[in-house]
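Because only heavy atoms are used, hydrogens play no part in the values below, and waters and symmetry mates are left out as well, while side chains stay in.
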Amino acid sequence: DFAAFDIYPVTGVEWHHDLKESARTILKPGGWFFVIGKSADIHKLLKDNKGFTPFLDKKYKGIRAALFQRNKAPKS
């Protein structure tokens with residue numbers, strides 16, 4: 001599974017929790033999601049990694065792209 005997001009969040013809204021929750025819903029464990037946007041906005045996603053592992057993070061002229069993998073469910 002793979003999902004890509006080009007974000008333009010509204011200032012003052014806690015959007016990053018909703019984005020990761022949506023990604024958790026649509027991606028199977030082990031699936032990937034890619035996000036691109038302003039560096040400061042992507043930084044919020046990188047700080048809170050619950051349920052995802054950051055795989056790659058690149059910044060260029062105030063724009064940042066990040067690739068995350070959804071954590072696999074623990075074996076019981």
Side-chain angles (χ1 to χ4, degrees):
D1 289 355
F2 180 80
F5 304 94
D6 183 4
I7 59 168
Y8 299 93
V10 176
T11 304
V13 176
E14 294 294 320
W15 58 272
H16 53 287
H17 298 297
D18 293 335
L19 179 65
K20 283 202 171 173
E21 186 58 39
S22 296
R24 266 188 219 83
T25 302
I26 63 175
L27 294 174
K28 294 176 186 172
W32 299 87
F33 89 91
F34 174 79
V35 185
I36 189 166
K38 289 183 180 178
S39 182
D41 295 331
I42 302 300
H43 181 73
K44 290 180 182 180
L45 288 172
L46 292 167
K47 283 186 354 184
D48 173 28
N49 292 319
K50 185 177 179 184
F52 291 92
T53 301
F55 188 75
L56 186 63
D57 169 31
K58 295 289 181 182
K59 182 177 161 183
Y60 180 74
K61 293 188 178 182
I63 300 296
R64 180 175 274 179
L67 181 64
F68 296 85
Q69 184 176 30
R70 182 172 175 205
N71 295 340
K72 296 182 180 177
K75 293 182 182 182
S76 25

Please walk me through it: do I26 and D1 pass side-chain contact (heavy atoms from CB on, under 4.5 Å)?
-> CA-CA 8 Å; I26 63 175; D1 289 355; over 6 Å; no
Given the rule in the side-chain contact (heavy atoms from CB on, under 4.5 Å) test, do I42 and I7 qualify, once you have shown the distances and angles that lead to the verdict?
-> CA-CA 9 Å; I42 302 300; I7 59 168; 3.6 Å; yes
Do you know which two heavy atoms are closest between [X] and [Y], and how far apart they sit?
X   : Y   : answer
P29 : K72 : CB-CA, 3.7 Å
F2  : L27 : N-CD2, 3.9 Å
R64 : D57 : CD-OD1, 3.0 Å

Check the hydrophobic clustering (I, L, V, M, F, W, Y; side-chain heavy atoms under 4.5 Å; chains of links allowed) and say if [X] and [Y] are grouped together.
X   : Y   : value
F34 : I63 : yes
L46 : L19 : yes
W15 : F33 : yes

Heavy atoms of other groups near F55 CZ, more than 12 under 6.0 Å | no
Check whether any side-chain heavy atom of L45 lies under 4.5 Å from a side-chain heavy atom of F52, and answer yes or no.
-> no
Separation between OG1 of T53 and CG of L67, rounded to the nearest 0.5 Å | 11.0 Å
Any donor-acceptor pair under 3.5 Å linking the side chain of R70 with the backbone of R24?
-> yes
